[in-house]
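What follows is a short report on a single structure.
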Amino acid sequence: MASSVRAMGHLPPWPPGLAPMACCSRAALRKWLPILAWLPHYSVHWLKMDFIAGLSVALTVIPQALAYAEVAGLPPQYGLYSAFMGCFVYLFLGTSRDVTLGPTAIMSLLVSTYTFHEPAYAVLLAFLSGCIQLAMRFLGLGFLLDFISCPVIKGFTSAAAVTIGFGQIKNLLGLQHIPRQFVLQVDHIFRSLGETRVGDLAMGLISLLLLLLLKLLRHHMPPIHPEMPLSARLSHGLVWTATTARNALVVFFAAVMAYSFELTGYQPFLLTGKIVKGLPPVQTPPFSLTTANGTVSFTEMVQDMGAGLAVVPLMGLLESIAVAKSFASQNNYRIDANQELLSIGLTNVLGSLFSSFPVTGSFGRTAVNAQSGACTPAGGLLTGVLVLLSLDYLTAPFYYIPKAALAAVIIMAVAPLFDAQIVRTLWRVKRLDLLPLSVTFLFCFWEVQYGILAGTLVSLLILLYSVARPEIQVSEQPVLVVQPVSGLHFPATEALREVLVSWALEASPPCCAILECSRVCSVDYTVVLGLRELLDDFRRQGVTLVFAGLQGPVLRILVSADLKGLQHFPTLEEAERYLSQEPGTQPYHFSDDSVPELKVALLQA
């Protein structure tokens, strides 16, 4: 208002430079608080669509949160404790209209691996992961995620899908006292097949069948058209709601069945059991833990979690940003990766104050949000409120949810994570990438961190090999031309030397050569030393090595290095004419007297 009043002349003009500074401040504030960019334009239509999306996500996240707490090895209420904070934080800080933050299958598996099924460890891990993620945001360390290649990610997620899915077989069969280590788990389950509970098996299979049918129905629904009659549109809406909220419907059906049996005095299912009612207390994360054997200090807790302090924050960031980028690409908008780092880090830090375990972006719930027509992150407000209400008013009915039904929900949620198609794709595109994929997949069944570390190391070794042994093209017509196809870095010096020596100096008789460097963008000191030795070797053999197509920065470096006998031609054709002894073509000679002046001229250029 002040701006408009000043424009009308009722107030003194802005002091010099203040108005641009105010604009910059507003832009910076909108960057840090993206809600300020879309809230002034919020409409009734957006409200309707966000309400539908928020309700749909809530009906998905509540049963999933209970199920993922089981995967994490924690009491079921901790899944709900972890499901609401991300909704509120992302409302203010998120740059994607589709992403929802909360517990996920992969993050729950990591929590189970590193927190020993102890809530105090899980909450502390959330706090420390959030602090590490925020530090990465402000220190600009997000580039570290770039070193985890797609085959490593696919190998990890596929192994996680197998581990999580098979880990629910015990609940489908109604088996108890099954170890969580994968190999031992497989052995115990096969040994205990005779103890299968028929009720749990039936409930699990029926739940899986219903979830599968509803999912298939969701994918094969015809699009709605404005000319459709009202009854058809209403039917379409009912079917869409049922298929979208299929997790909640199946869990509700299972709970009603279990409650009906409870009234008869016979219970054929293993139930979720008592869930602590009410909101979690607001308190600082536990920096020590009192046990029957004494007190575990903060330092000891950190040492116990070990590699989890690196794996959990990195995988949380990776999963969340991958989800955000995927849906931004599908729906034609852009996200701010740095802002996403801030969102997930702050969610984990604040969530730990409410007894949350580490969370990240959920692909499945984000898909539900996008398919529901979300226009802004405002739908998360309704999702978060409904999760809080469920903690206050629905914990008693949650008691009767069969574990077999939750197992079915988990299995259907993680099944898409197993990507068998990637093997065929890599076989066609680049078979060498199957190596980090396989290494990651197999090692993850031993320990998750070993799988990720081994796969990343294999990927880096493949990358380093390509740097140390770059592709070098050799042509002998009309003169010998050696052309590095990619850049030249110090590990590649020896490979370049071997090519030039074998093709030029060891030939009979030795021949002149052209080193065509148009694709070389930079060189380092080790490369410069290697080129000096090559020039000396060629001079001793009485033949010539010339350079063609050197880019400006590379030429400056070579001139500054005072390479004796350096001859450079702007184009390959000129170099070929010179070596073919055609008149009228002269190289750029750099004598000792002219080098300093040339250095100055090149640097000024």
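What you see is a predicted model, and the numbers here were worked out from it, not measured in a lab.
Residues Val520 and Gln551 are not in side-chain contact: their nearest non-hydrogen atoms beyond the backbone lie 4.5 Å or more apart. Looking at Leu515 and Leu531, their side chains come closer than 4.5 Å, going by heavy atoms from C-beta outward. Residues Asp419 and Thr157 have side chains not in contact (no heavy-atom distance under 4.5 Å, counting atoms from C-beta outward). Contact annotation: the side chain of Leu110 approaches that of Met107 to within less than 4.5 Å [non-hydrogen atoms, C-beta and beyond].
Ser320 places no side-chain N or O within donor-acceptor distance of the main-chain N or O of Leu317, the cut-off being under 3.5 Å. The main-chain N or O of Leu550 is found under 3.5 Å from a side-chain atom of His568 such that the two form a donor-acceptor pair.
Ring geometry for Phe116 against Tyr121 counts as perpendicular: the plane angle is over 60°, on a 0 to 90° scale with 30° as the lower cut. Aromatic ring pairs are classed by plane angle as parallel below 30°, tilted from 30° to 60° and perpendicular above 60°; the pair Phe84 and Phe354 is perpendicular. Using cut-offs of 30° and 60° on the angle between ring planes, the pair Tyr450 and Trp446 is tilted.
Scanning for side chain to side chain contact (heavy atoms under 4.5 Å, CB included) contacts around Ala122 gives Leu74, Val111, Thr115, Phe357, with sequence neighbours left out. In this structure Arg469 satisfies the salt bridge (charged side-chain N to carboxylate O under 4.0 Å, His left out) test with no other residue, sequence neighbours excluded. Residues satisfying the side chain to side chain contact (heavy atoms under 4.5 Å, CB included) test with Thr493, not counting sequence neighbours, are Thr526, Val527. Residues satisfying the side chain to side chain donor-acceptor pair (under 3.5 Å) criterion with Ser192, sequence neighbours excluded, are absent altogether. Checked against side chain to side chain contact (heavy atoms under 4.5 Å, CB included), Leu342 has the following partners two or more places apart in sequence or in another chain: Trp32, Leu93, Leu134, Arg137, Phe138, Gln339.
Pairs engaging residues 76-103 under the side-chain hydrogen bond (donor to acceptor under 3.5 Å, both in side chains) rule: Ser82-Ser356, Tyr90-Glu340, Thr95-Glu340, Ser96-Tyr333, Asp98-Asn331, Asp98-Tyr333 [sequence neighbours left out].
Rounding to the nearest 0.5 Å places CG of Leu563 at 11.0 Å from CD1 of Ile557. The CZ atom of Phe298 sits 5.5 Å away from the CG atom of Leu124 when rounded to the nearest 0.5 Å.
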